[in-house]
Enquirer: 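One structure, as C-alpha cells, below. Some questions next.
All heavy atoms count here, side chains included; hydrogens, waters and symmetry mates do not.
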Amino acid sequence: MEKNWVKIFASSNFYQSEIVKQVLTGHHIDTVLLNKQDSSHRAFGDIEVYIHQEDFSKAIEIMILNQLSL
C-alpha cells in the first residue's frame with residue numbers, strides 16, 4: 001500500500017466496513033478496504049477501511065454526522 005494512508009475504521013463484519021466505505025466515497029473521499037480476516041475462520045481478523053491522511057479530519061466529521069461507529 002502507498003504511504004500516507006491511515007486506518008479510519010475496522011470491523012469483523014464486512015457490511016459495516018462497506019457502509020463506511022460507501023458513505024466516505026459518496027463524499028468524494030478515496031477509500032480502500034483491506035480484508036485481514038482469516039480465510040478459514042471468519043471470526044478472526046477485521047476488514048479495515050483506509051483513507052488518505054489529508055482527508056482524515058473531513059472523514060471523521062462525516063462519520064460523526066452519519067452516526068457511524070468509530
Enquirer: Taking the side chain as every heavy atom from C-beta outward, state whether H52 and W5 have any atom pair closer than 4.5 Å.
Expert: yes
Enquirer: Would you check if D30 and I51 make a side-chain contact, meaning some heavy-atom pair closer than 4.5 Å?
Expert: no
Enquirer: Who are the side-chain hydrogen bond (donor to acceptor under 3.5 Å, both in side chains) partners of S17, not counting sequence neighbours?
Expert: none
Enquirer: Shared ILVMFWY cluster between L24 and I64, side chains joined below 4.5 angstrom?
Expert: yes
Enquirer: Around atom NZ of K7, are there more than 12 heavy atoms from other residues, nucleotides or ligands closer than 6.0 Å?
Expert: no
Enquirer: Y50 and K36: which non-hydrogen atoms are nearest, and at how many Å?
Expert: OH-NZ, 4.2 Å
Enquirer: Starting at CD of Q22, measure out to OG1 of T31 and round the result to the nearest 0.5 Å.
Expert: 7.5 Å
Enquirer: Given the rule that I, L, V, M, F, W and Y join up when any side-chain heavy atoms are under 4.5 Å apart, are L65 and I19 in one cluster?
Expert: no
Enquirer: Out of curiosity, I8 CD1 to M63 CE, how far, rounded to the nearest 0.5 Å?
Expert: 5.0 Å
Enquirer: What residues form a side chain to side chain contact (heavy atoms under 4.5 Å, CB included) with N66, not counting sequence neighbours?
Expert: V23, H27, I62, L68
Enquirer: Can you tell me how far CG of D46 sits from CG of N13, rounded to the nearest 0.5 angstrom?
Expert: 9.0 Å
Enquirer: Q53: what forms a side chain to side chain contact (heavy atoms under 4.5 Å, CB included) with it, not counting sequence neighbours?
Expert: N4, V6
Enquirer: Hey, does the side chain of Q37 reach the backbone of S12 with a donor-acceptor pair shorter than 3.5 angstrom?
Expert: yes
